[in-house]
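Some notes on the structure that comes next.
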Amino acid sequence: MGVITSGSFAKALWPGVNAWYGKSYNDYATEWDKLFDKNTSSKAYEEDVGLSSLGLAAVKAEGAPITYDSERQGFTTRYNHVVYALGFIITREAFEDDQYDVVGKKKANALARSMRQTKEIVAANVYNRATTSGYTGGDGIVLLSASHVNVAGGTYSNIQSADLSEAALEQAFIDIEGFTDDRGLIIAAKPKSLIIPRQLRFEANRILKSDGRVGTDNNDTNALKDSGLFTNIVVNHYLTDADAWFIRTDVPDGMKYFERRGDAFEMDNDFDTENAKFKATGRYSFGWSDPRGCYGSMGV
């Protein structure tokens with residue numbers, strides 16, 4: 001455990017320092033809330049349970065009995081809320097003798113910044129690990145897979161092996177519109193947002209915002225732009241794969257965030273040492289219930 005003493009900031013005890021750098025950087029606006037739908041929780045964990053519903057109706061011959069179908073429980077996804085915490089300790093002497101308020105107020109701001117970026121990274125890692133073995137959902141499969149399992153039988157895919165391009169986005173839209181439920185009935189799924197790392201910002205703008213087709217001298221209109229389905233481009237600075245891209249769909253209970261306890265900041269003094277203790281804690285979880293809520297590619 002490190003304690004911030006007068007020796008930790010010796011220059012802060014004397015006048016003459018023009019500026020303290022390294023703490024006044026700007027931060028990006030909150031980005032995790034573009035990746036997940038927010039929910040609140042009052043329990044140690046939350047569970048979402050899938051449902052395998054009814055299938056297609058059968059032909060009934062004259063005088064024959066009706067075919068009866070049944071529903072059953074599907075896969076269960078558990079969101080275990082994790083506590084994230086950080087703090088620092090300052091001696092009373094270091095706090096009293098600080099000439100620039102670099103020890104007290106700026107440390108508190110740094111603590112808040114650490115908590116914010118921790119949440120951003122935890123959220124983005126759900127996407128960063130979309131195909132990483134061991135990070136699985138309720139069906140026991142990673143977020144992006146060509147072999148997601150239906151309880152009623154069969155598999156489905158929400159992944160593509162392609163770099164971001166006009167053709168790749170067209171195929172993504174075709175695939176998403178072809179999503180079915182657990183029993184194979186078509187669902188009305190649509191793309192909601194395109195999520196990309198900072199390295200793909202300009203490529204995405206060229207593909208989606210040009211009036212004509214990109215990379216061709218044909219006088220064709222930009223069908224993706226005309227469709228109006230990829231107008232929401234989300235650049236996330238915490239994605240680590242430079243050529244990965246993701247599409248959030250409007251399928252309910254897809255990418256979810258549960259907040260058990262919002263970030264809380266507290267301080268107290270130790271009676272014997274007179275040291276001041278500052279801490280911040282938050283308790284939350286990120287994940288997904290229905291993999292159809294996301295489609296994507298880790299690039300090639």
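This one's a predicted model, so the numbers in the text were calculated from it and none came from an experiment. FYI, side chains are in, hydrogens and waters are out, and symmetry mates aren't considered; it's all heavy atoms of this structure.
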Separation of [Y] [atom2] from [X] [atom1] (nearest 0.5 Å):
{"X": "Leu224", "Y": "Ile207", "atom1": "CG", "atom2": "CD1", "value": "8.0 Å"}
{"X": "Glu120", "Y": "Asp27", "atom1": "CD", "atom2": "CG", "value": "9.0 Å"}
{"X": "Met115", "Y": "Lys279", "atom1": "CE", "atom2": "NZ", "value": "11.0 Å"}
{"X": "Asn269", "Y": "Lys277", "atom1": "CG", "atom2": "NZ", "value": "10.0 Å"}
{"X": "Asn158", "Y": "His148", "atom1": "CG", "atom2": "NE2", "value": "3.5 Å"}
{"X": "Glu266", "Y": "Asp268", "atom1": "CD", "atom2": "CG", "value": "9.0 Å"}

Quick check against the 3.5 Å criterion: does [X] have a side-chain atom that pairs as donor or acceptor with the backbone of [Y]?
{"X": "Trp245", "Y": "Ala162", "value": "yes"}
{"X": "Arg292", "Y": "Thr180", "value": "yes"}
{"X": "Lys119", "Y": "Ala123", "value": "no"}
{"X": "Asp48", "Y": "Thr77", "value": "no"}
{"X": "Tyr238", "Y": "Val122", "value": "no"}
{"X": "Asp181", "Y": "Ile187", "value": "no"}
{"X": "Glu47", "Y": "Thr76", "value": "no"}

Looking at [options], which hits side-chain contact (heavy atoms from CB on, under 4.5 Å) with [X]?
{"X": "Cys294", "options": "Thr249, Leu35, Leu144", "result": "Leu144"}
{"X": "Val126", "options": "Trp32, Tyr257, Tyr135, Trp288", "result": "Trp288"}
{"X": "Val234", "options": "Arg248, Glu31, Lys34", "result": "Lys34"}

Do you reckon [X] sits in the same ILVMFWY cluster as [Y], going by side-chain contacts under 4.5 Å, direct or chained?
{"X": "Tyr79", "Y": "Phe286", "answer": "no"}
{"X": "Ile159", "Y": "Ile195", "answer": "yes"}
{"X": "Phe246", "Y": "Ile196", "answer": "no"}
{"X": "Ile90", "Y": "Met267", "answer": "yes"}
{"X": "Leu208", "Y": "Phe173", "answer": "yes"}

(message) Just checking Arg261: does its CZ atom have more than 12 heavy atoms from other residues, nucleotides or ligands closer to it than 6.0 angstrom?
(response)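 More than 12 heavy atoms, drawn from other residues, nucleotides or ligands, come within 6.0 Å of this atom.
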
(request) Assess whether side-chain contact (heavy atoms from CB on, under 4.5 Å) is satisfied between Leu239 and Asn128, documenting all intermediate values. (result) CA-CA 6 Å; Leu239 295 176; Asn128 292 329; 3.6 Å; yes

(message) Set out, in order, the CA-CA distance, both residues' side-chain angles and the distance that settles side-chain hydrogen bond (donor to acceptor under 3.5 Å, both in side chains) for Thr40 and Glu259, then state yes or no.
(response) CA-CA 5 Å; Thr40 57; Glu259 183 172 279; over 6 Å; no

Closest heavy-atom contact between [X] and [Y]?
{"X": "Glu46", "Y": "Ser41", "result": "OE2-OG, 2.6 Å"}
{"X": "Ala44", "Y": "Arg283", "result": "CA-NH2, 3.8 Å"}
{"X": "Val151", "Y": "Gln73", "result": "CG1-O, 4.0 Å"}
{"X": "Ala204", "Y": "Leu194", "result": "CB-CD2, 4.3 Å"}
{"X": "Ser114", "Y": "Leu86", "result": "CB-CD2, 3.7 Å"}

(request) I would like to know whether Thr136 and Ile141 meet side-chain contact (heavy atoms from CB on, under 4.5 Å); could you show each step before the answer? (result) CA-CA 5 Å; Thr136 58; Ile141 309 295; 5.8 Å; no

Got a salt bridge between [X] and [Y], using NZ or NE/NH1/NH2 to carboxylate O under 4.0 Å?
{"X": "Arg72", "Y": "Asp182", "value": "no"}
{"X": "Glu177", "Y": "Lys190", "value": "yes"}
{"X": "Glu203", "Y": "Arg206", "value": "yes"}

(request) For residues Tyr284 and Tyr84, establish whether the separation of their ring centroids is below 6.0 Å. (result)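 Close enough - the centres of the two rings lie under 6.0 Å apart.
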
(message) Ring centres under 6.0 Å, that's the criterion: do Phe36 and Tyr127 meet it?
(response)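 Distance test on ring centres: under 6.0 Å, yes.
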
Any heavy-atom pair between the side chains of [Y] and [X] that's under 4.5 Å?
{"X": "Lys43", "Y": "His81", "value": "no"}
{"X": "Asp163", "Y": "Leu200", "value": "no"}
{"X": "Asp243", "Y": "Gln199", "value": "no"}
{"X": "Thr67", "Y": "Lys60", "value": "no"}

(message) Between Leu169 and Ile247, does the side-chain contact (heavy atoms from CB on, under 4.5 Å) criterion hold? Intermediate values first, please.
(response) CA-CA 9 Å; Leu169 289 179; Ile247 297 173; 4.2 Å; yes

(request) Give the C-alpha distance, both sets of side-chain angles, the deciding distance and a yes or no for side-chain contact (heavy atoms from CB on, under 4.5 Å) between Ile89 and Asp270. (result) CA-CA 10 Å; Ile89 301 173; Asp270 183 74; over 6 Å; no

(message) Classify the ring geometry of Phe179 against Tyr295: parallel below 30°, tilted from 30° to 60°, perpendicular beyond 60°.
(response)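 The rings of Phe179 and Tyr295 sit tilted, inter-plane angle from 30° to 60°.
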
(message) Applying side-chain hydrogen bond (donor to acceptor under 3.5 Å, both in side chains) to Asp33 and Thr30, what does each step give before you reach the verdict?
(response) CA-CA 7 Å; Asp33 59 354; Thr30 301; 5.4 Å; no

